[in-house]
Amino acid sequence: MHKIVTTTAATLTVAASIVMPRAFAVEPANLSWGPVFVTPTLDSRLEYTDNVLRTQDDDKDSMISVIKPRVQAWMEDGLNTYSLSYTMIDYRYFDSSRDDYTDNQFNLDIYHAFNARNQANLYAEYFDAHEERGTGLSEGVAELLDEPVEFERITLGGDYTLGSEQSRGRLLLAGKTHDIEYQNFREETQYRDYSNYGLGATFFWRIKGKTDLVAEVRYQETEYDKVDPFSREGTLDSEEYNYLVGLSWDATAKTSGSVKVGAYDRTYDSNERNDSNGFSWEADVSYQLRTYSIFTLASKRFSEETNGLGDAVNANLTTLGWSHNWNKRSSTNLTLGYLNEDYEGTEREDDEYQVSASYNYAMRRWLDLGAGYTYADRDSDIDLYDYSRSVVYITASVSL
């Protein structure tokens, strides 16, 4: 199956979490009806956490089961690929049933190659989901809520590439929009509904071998549905530009990646809020020590919408990972992460450290088993947001 690329040149939003990679060796078999293939998979996870609500006093622990069935229907027409998928994610807390929830996600992906020098990706997503208590809008107040905060997110986007990997120069144009609407606690959450629109252009110029000079411009606009009448600073509507230049390479059998540096400029519609600008960067580098052992380093600065404090969140995230295949069946992953979040316009600044280790065993072509441990610690200038959290888990991934 042709891989559908759904990432764009303009990264418009990034979740405020450290995401850890997981080895996945299952090779699903497909059902077929004429030109249409159907691929069902099932991921399951049983975990124990000592701090369900991410609070300073660690007063609630629980076993949690997560069941994630997914079915994808797809077809190919030459180089073109069309895919429709549905994923359900069911959370069950053994000692905290009020946190139970079921998410539903629908994705449409289209890859179309007009010719060798013109390709397009289009994608759409509907996500009926929730924020775990203690995250997002419920940070610091999770104990006051009797259920998770629910939201719906609709995303539309696409990108178009003029040129090919063999071209001296190529241009990638991207656009994306998403709309977030909260579904409960409307007395407060009605002022957090917003839409985000983004455009990006990236130019690649081959300077030597498999090394490209990269120049990129991104624009995003955020519009909130309502203005909180109790806010003295007015609307949170804003615009942001990012300008980046750097290198992208796949120069040797051992190293590949990209490094870009530049600047960002964020302005608010309200004169009562302080505009911000500064240094920006993105780096994503891998080093293959052996064919079976890879180190990765990723770091970036990005902006997030505030979850209640300040004008916006100016964040930077750095992760260092090591993935090692011990044999044809066994692999391990180790990831260290650091996240800094500065809530502009307030005294709040958070430093979060996270370490994650996992083991994966490919028992059969259709079955993976795994286990892991994650520890996170956040130190905030406001004590209310401090917490530490440990998670121990086992996983199973099944396909046809």
Side-chain angles (χ1 to χ4, degrees), residues 2-14 78-81 109-123 156-177 196-221 239-267 277-289 294-303 314-321:
H2 188 92
K3 181 181 179 181
I4 296 178
V5 181
T6 60
T7 56
T8 69
T11 302
L12 304 178
T13 61
V14 181
L79 295 177
N80 307 323
T81 307
D109 296 277
I110 298 173
Y111 171 80
H112 189 86
F114 299 96
N115 52 51
R117 295 177 55 85
N118 294 270
Q119 304 93 35
N121 288 288
L122 298 174
Y123 54 90
L156 300 171
D159 59 66
Y160 175 81
T161 302
L162 176 61
S164 68
E165 295 289 339
Q166 290 72 39
S167 302
R168 184 67 184 272
R170 71 184 189 275
L171 178 65
L172 174 66
L173 302 174
K176 184 177 181 180
T177 177
N196 183 282
Y197 313 92
L199 297 171
T202 308
F203 182 67
F204 300 85
W205 183 255
R206 183 64 51 83
I207 56 176
K208 182 181 179 181
K210 294 183 178 181
T211 301
D212 293 332
L213 178 67
V214 181
E216 188 168 355
V217 178
R218 302 174 188 168
Y219 167 80
Q220 69 172 4
E221 179 180 3
E239 293 181 314
E240 179 174 323
Y241 288 90
N242 279 268
Y243 310 93
L244 296 163
V245 295
L247 295 175
S248 175
W249 72 93
D250 189 9
T252 71
K254 290 185 176 295
T255 65
S256 62
S258 65
V259 175
K260 294 175 286 186
V261 297
Y264 74 95
D265 184 20
R266 184 180 179 108
T267 60
N277 57 74
F279 180 64
S280 190
W281 72 90
E282 290 183 5
D284 190 354
V285 180
S286 65
Y287 174 71
Q288 188 168 303
L289 182 65
I294 300 175
F295 290 90
T296 57
L297 174 65
S299 182
K300 69 184 301 180
R301 187 223 69 89
F302 55 93
S303 294
N314 190 26
N316 65 77
L317 171 66
T318 299
T319 59
L320 175 64

Once side-chain contact (heavy atoms from CB on, under 4.5 Å) is applied, do any residues pair with [X], and if so which ones, sequence neighbours excluded?
X: Val261; value: Phe279, Trp281
X: Ala298; value: Asp284, Thr319
X: Phe114; value: His112, Asn118, Ala120, Tyr160
X: Glu240; value: Gln220, Asn242, Tyr264, Arg266, Arg301, Ser303

Any side-chain heavy-atom pair from [X] and [Y] closer than 4.5 angstrom?
X: Val214; Y: Thr202; result: yes
X: Trp249; Y: Val259; result: yes
X: Tyr123; Y: Lys176; result: yes

Enter the distance from [X]:[atom1] to [Y]:[atom2] here, rounded to the nearest 0.5 Å.
X: Leu297; Y: Leu320; atom1: CG; atom2: CG; value: 6.0 Å
X: Ile207; Y: Asp212; atom1: CD1; atom2: CG; value: 7.5 Å
X: Tyr241; Y: Thr267; atom1: OH; atom2: OG1; value: 8.0 Å
X: Lys260; Y: Tyr243; atom1: NZ; atom2: OH; value: 15.5 Å
X: Thr211; Y: Arg206; atom1: OG1; atom2: CZ; value: 8.0 Å
X: Arg218; Y: Ser280; atom1: CZ; atom2: OG; value: 7.5 Å

Quiz item: In terms of side-chain heavy atoms, does Thr318 have a donor or acceptor partner in Ser299 at a distance below 3.5 Å?
Solution: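 Per modelled atom types, Thr318 and Ser299 side chains form a pair under 3.5 Å.
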Quiz item: Any side-chain donor-acceptor pair under 3.5 Å between Tyr111 and Gln119?
Solution: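 No.
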Quiz prompt | Partners meeting side chain to side chain donor-acceptor pair (under 3.5 Å) with Ser167 (sequence neighbours left out) | solution =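 Applying side chain to side chain donor-acceptor pair (under 3.5 Å) to Ser167 gives Arg117, Ser164.
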Exercise. Measure from the side-chain N and O atoms of Ser258 to the backbone N and O of Leu247, and report whether any donor-acceptor pair falls under 3.5 Å.
Key: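 No, the answer is negative, given that no donor and acceptor are paired below the 3.5 Å cut-off.
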Self-check item: Phe295: partners by ring-ring contact (aromatic ring centres under 6.0 Å, His included), with sequence neighbours left out
Solution: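 By the ring-ring contact (aromatic ring centres under 6.0 Å, His included) rule, Phe295 matches Trp322.
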Quiz item: Mind checking what makes ring-ring contact (aromatic ring centres under 6.0 Å, His included) contact with Trp205, not counting sequence neighbours?
Solution: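 Not a single residue meets the ring-ring contact (aromatic ring centres under 6.0 Å, His included) criterion with Trp205.
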Practice problem: Can you spot which of Thr255, Ile294, Thr296 makes a side chain to side chain contact (heavy atoms under 4.5 Å, CB included) with Gln288? | Solution: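 Result for side chain to side chain contact (heavy atoms under 4.5 Å, CB included) with Gln288: Ile294.
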Self-check item: salt bridge (charged side-chain N to carboxylate O under 4.0 Å, His left out) partners of residues 160-169, not counting sequence neighbours, each pair once
Solution: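 Of all non-adjacent pairs touching residues 160-169, those that pass salt bridge (charged side-chain N to carboxylate O under 4.0 Å, His left out) are Glu165-Arg170.
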Exercise. Taking all heavy atoms of Gly262 and all of Leu244, pick out the closest pair and write down the distance.
Key: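 Result for this residue pair: N-CD2, 3.7 Å.
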Quiz prompt | Closest non-hydrogen atom pair, Ser256 against Asp250 | solution =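 Heavy-atom minimum between the residues: CB-OD1, 3.6 Å.
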